[in-house]
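In what follows, residues are counted from 1 in the order of the sequence shown.
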Amino acid sequence: MNVGDILQAVADALEQVENLQAYPHPITAVPAGEADIAAVRVERIDYQLAFAKGLAKVELTVEINVQASVDADPYVRMCELLSGGVGESRSLVDALTAAHHVDRAPATPGPLAMLVVMGATRPRFERPEDPGGVRLLVAELTVEVSAERA
């Protein structure tokens, strides 16, 4: 199990979403000019998910940041990103599900072969600490990936 490979695979899957920049690590500031951002971070690792089979569970958070100069447009964009299973081309859930299906198909499964999208938090507006910074609409997507330790 390579945690860095899992983070990169999640970010690569999210990069398929139109007009979204994805990072395989936490970010401390939203880069200027990037309206919709996803940053992946490790929350917890359970190394003993299945002791006999050598499985671990990696819990990830995908922090979604949408620049919010007005209230309505960013909320619509956030709803697109949080939609799932309805054919929304900007759905993070659908992008991760598609990557999961690709990774579980080969004889040697990829890092997202046992990925499950668990849920999302309520979108909330946040003001930056920097007075010149951009107000954001933020939500978090919880993702779990089971991986072989051996």
For Asp5, check side chain to side chain donor-acceptor pair (under 3.5 Å) against everything at least two apart and list the hits. none

Please list all pairs passing the salt bridge (charged side-chain N to carboxylate O under 4.0 Å, His left out) test where one or both residues lie in residues 75-87, with sequence neighbours left out. Asp36-Arg77, Asp73-Arg77, Glu80-Arg90

Which atom of Ile27 lies closest to which atom of Asn65, heavy atoms considered: CD1-ND2, 4.4 Å

Would you compute the distance between atom CG of Asp94 and atom CG of Leu81 and round it to the nearest 0.5 angstrom? 11.5 Å

Ile37 side chain reached by Leu136 side chain, heavy atoms, under 4.5 Å: no

In short, Ala56 meets Tyr47 closest at the heavy-atom pair CB-CA, 3.9 Å

Quick check: closest heavy atoms across Gln67 and Pro74, and the distance to 0.1 Å? O-CB, 3.6 Å

Within one Ile-Leu-Val-Met-Phe-Trp-Tyr cluster: Val102 and Val40, side-chain cutoff 4.5 Å: no

Heavy-atom closest contact (Pro111 atom, Val145 atom, distance): O-CG1, 3.4 Å

Taken in chain and number order and not counting sequence neighbours, the residues that satisfy side chain to side chain contact (heavy atoms under 4.5 Å, CB included) with Thr121 are Arg124, Ala139, Glu140

Residue set satisfying side chain to side chain contact (heavy atoms under 4.5 Å, CB included) with Val42, at least two apart, ordered chain then number -> Val3, Leu7, Ile45, Leu60

Pairs flagged by salt bridge (charged side-chain N to carboxylate O under 4.0 Å, His left out) wherever residues 58-69 is involved - sequence neighbours left out: Arg41-Glu63, Lys57-Glu59

For residues Ile6 and Ala147, report the shortest heavy-atom separation together with the two atoms involved. CD1-CB, 4.1 Å

Quick check: do Glu15 and Gln21 have side-chain heavy atoms less than 4.5 Å from each other? yes

What pairs with Gln16 under side chain to side chain donor-acceptor pair (under 3.5 Å), at least two apart in sequence or on another chain? none

Non-neighbouring partners of Ala95 that pass side chain to side chain contact (heavy atoms under 4.5 Å, CB included), sequence neighbours left out: Val17

Approximate separation, where rounding is to 0.5 Å, of Glu126 CD and Leu137 CG: 9.0 Å

Note: Ala11 and Ala22 closest approach over all heavy atoms is O-CB, 3.5 Å

Can you list everything that forms a side chain to side chain donor-acceptor pair (under 3.5 Å) with Ser91? Sequence neighbours excluded, please. none

Suppose we screen for ring pair (Phe, Tyr, Trp, His ring centres under 6.0 Å). Which residues come up paired with His101, at least two apart in sequence or across chains? none

Checking one residue: Val116. Which other hydrophobic residues are in its cluster under the side-chain 4.5 Å linking rule? Met118

Do the non-hydrogen side-chain atoms of Glu148 and Leu55 ever get within less than 4.5 Å of each other? yes

Could you go through Leu82 and Ile64, starting from their C-alpha distance and side-chain angles, then the distance that decides it, and tell me whether this counts as side chain to side chain contact (heavy atoms under 4.5 Å, CB included)? CA-CA 9 Å; Leu82 293 176; Ile64 309 159; 3.6 Å; yes

